[in-house]
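If you're wondering where the values come from, they're calculated on a predicted model, not measured in any experiment. Side chains included, hydrogens not; waters and symmetry mates left out as well; all remaining heavy atoms used.
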Amino acid sequence: MYIKLINPATHGKAAYSNSGSSAQTLNYLKQEAGRDGEEATFFGAKRDDLSAAEVGQNIDSNVKGLRAGEAKFYSLVISPSEAELTHIGNDEAKLKNYTRQVMAQYAANFKLKDGRELGSQDLVWGATLHQQRSYRGTDPEVSIGQAKMGEQRPGLQTHIHVIVSARDAQQRITLNPGGRRSRFDLMQWQAAAGRQFEKQFGYTAQAHEKLRPKQRDGSRDAGRAVRIGERVAALNLRVLKEERLDPQRVQQIAQGREYDKTFYRSLATVERRAQQGQPIDNAYHLLSTGREQPAPQHAASTMLHAVQQAVRSNTGREEKTEHLSEKRGRNSAELDIEM
C-alpha cells in the first residue's frame, strides 16, 4: 500500500494548488479520468454519488478562520499494489469502504492539545476512484523510449484521489498533515493504512510476496538508467574522443550488476579520473568487476628494469625515486554514490 500526501510545490502547482478554491484540482481530476477513458464520480464518508460540484462546495465553504495564502485543503493519493488489488478482485465498493476507514484513521492521527480524538465526522472530504494510469512525458520509461506519453500503464492501476479540508467540520481546528510530527505523524498514518488493508481484507503481504516471483521495480530501474546516461554524457565531454564511453553499454553493465554499490563506486572513480584529465581506457572492466584491469606482467617487469638501468647509469647524483610497486593513496573525496 502506498499513501502519498501531495506537495503542490513539487507535484504540480497548476493541478494541486491548494491556497484557493478546490475547483482547479477537481477539474484536473475529472480531466485525468477522461484522458484514461473514464468518467469521474466522487464519494465521501456517507455517500457514493457525490458530484465534483458538491465536493467543491463542501471544501470551499469550510475555510472559516484561514488566512489568504494558507492551505484550504490537502490532496492525498491511496495506491494499493497490484497484488492487493488482485486480492480483493479490484472491487470498487471494497476500495471505497477501505478509503473511509483510512480517512477515519487520518482524523484520529491528529493530536489535539486537550487530548481529544477526532473522528470521521469531524472531517470534510471527497474522493474519486481512477482505474487507469497513463505515462507522462516526465516518466523515466518515456525518457528512455520504453513507453510513449499517453499510453496506459499495464496491469491493475486502480487508485484513489482524496481532497480533504484544512479545517475540521466545525471550522475551529486547522488540520495540517504536513506540519509538525508531534501534531500529525504522517509515517504513522501511512503504516496504519497498510495494516488496515491487511485487517479489513485478510491480506498478508509476506505470503503474497513468497508466492510471486521476485521482480525488480521497472520504473525505478528506468529512472536509474536515465541518470546513468546523463552522467556518462557529462563524463564524455571531459575526455578525448577515443576514450568516450558508450552510454548503452554502461547501462547494460549497471543492469547486469543490479545497480549495486560497486558499480556506482566504480563509476565515481571513472568520473573523477575524467575530471582530473587521467586516462580511462580500462573503464568498462572497472565498471563490470569493480577492479582495475591488471597490466601484463612482462610489461611491468620491462618498465621496472628500464627505470633501474636509468638510475644505475646516473652521473652519481643520488636521487630519490618512487618504487613502481608502491601505490599512491586513494583520493578520499569520493563522488556521491547514487542508489
Side-chain angles (χ1 to χ4, degrees), residues 2 4 10 81-83 135 138-147 153-155 187 190-191 205-206 208-304 322-339:
Y2 178 64
K4 178 170 69 175
T10 57
S81 68
E82 188 168 5
Y135 287 108
T138 55
D139 286 331
E141 295 90 342
V142 175
S143 300
I144 64 174
Q146 290 184 350
R153 290 178 176 273
M187 294 180 65
Q190 291 168 326
Q206 292 82 357
H208 283 74
E209 288 298 326
K210 290 178 181 178
L211 291 173
R212 283 193 309 172
K214 191 173 182 179
Q215 297 178 342
R216 292 190 61 85
D217 186 340
S219 176
R220 186 179 183 187
D221 284 355
R224 285 167 167 166
V226 171
R227 290 189 290 273
I228 290 171
E230 293 171 348
R231 292 175 68 170
V232 173
L235 182 154
N236 284 341
L237 294 176
R238 297 178 178 271
V239 300
L240 299 174
K241 184 177 181 179
E242 58 269 20
E243 291 186 338
R244 291 175 185 170
L245 302 182
D246 178 5
Q248 186 174 1
R249 183 174 176 184
V250 175
Q251 290 169 357
Q252 289 172 347
I253 293 173
Q255 186 177 13
R257 292 200 62 91
E258 296 186 346
Y259 304 93
D260 63 0
K261 292 182 179 180
T262 298
F263 168 80
Y264 282 106
R265 189 179 298 114
S266 300
L267 180 59
T269 299
V270 175
E271 288 173 321
R272 186 177 63 251
R273 289 179 180 173
Q275 188 174 14
Q276 295 173 349
Q278 298 175 358
I280 59 170
D281 52 339
N282 67 339
Y284 293 122
H285 179 85
L286 178 61
L287 293 170
S288 299
T289 66
R291 298 186 298 273
E292 299 286 353
Q293 187 171 18
Q297 184 64 35
H298 71 276
S301 300
T302 301
M303 185 180 295
L304 178 59
E322 179 184 359
H323 292 290
L324 294 181
S325 60
E326 293 177 353
K327 295 182 179 179
R328 295 183 181 273
R330 292 185 62 189
N331 190 339
S332 59
E334 295 286 349
L335 298 178
D336 291 339
I337 297 174
E338 180 182 1
M339 294 301 294

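Between I280 and V270, the shortest heavy-atom contact is CG2-O, 3.9 Å. Smallest separation of non-hydrogen atoms from G290 and T262: CA-CG2, 3.6 Å. The shortest non-hydrogen separation linking H285 to R291 is CD2-O, 3.1 Å.
In terms of modelled atom types and a separation under 3.5 Å, the side chain of S266 and the main chain of L286 share a donor-acceptor contact. Here the side chain of Y284 pairs a donor or acceptor atom with the backbone of D246 at under 3.5 angstrom. Judged by distance alone, the side chain of D260 and the main-chain N or O of F263 form a donor-acceptor pair under 3.5 Å. Of the possible donor and acceptor atoms, one in the side chain of N236 sits under 3.5 Å from a partner among the backbone N and O of L245. In this structure, the side chain of R273 does not engage the main chain of P279 through any donor-acceptor pair within 3.5 Å.
In the displayed structure, Q255 atom CD is contacted under 6.0 Å by at most 12 heavy atoms of other residues, nucleotides or ligands.
The OH atom of Y264 sits 11.0 Å away from atom CD of E271, with the distance rounded to the nearest 0.5 Å. The distance from the CD1 atom of I228 to the CG atom of L235 is 12.5 Å, given to the nearest 0.5 Å. In this structure, E242 CD and R244 CZ are separated by 9.0 Å, a value rounded to the nearest 0.5 Å. Interatomic distance, E258 CD to R224 CZ, rounded to the nearest 0.5 Å: 9.5 Å. Separating the CD atom in Q251 from the CZ atom in R227 is a distance of 11.5 Å, to the nearest 0.5 Å.
Contact annotation: the side chain of Y259 never approaches that of R257 to less than 4.5 Å [non-hydrogen atoms, C-beta and beyond].
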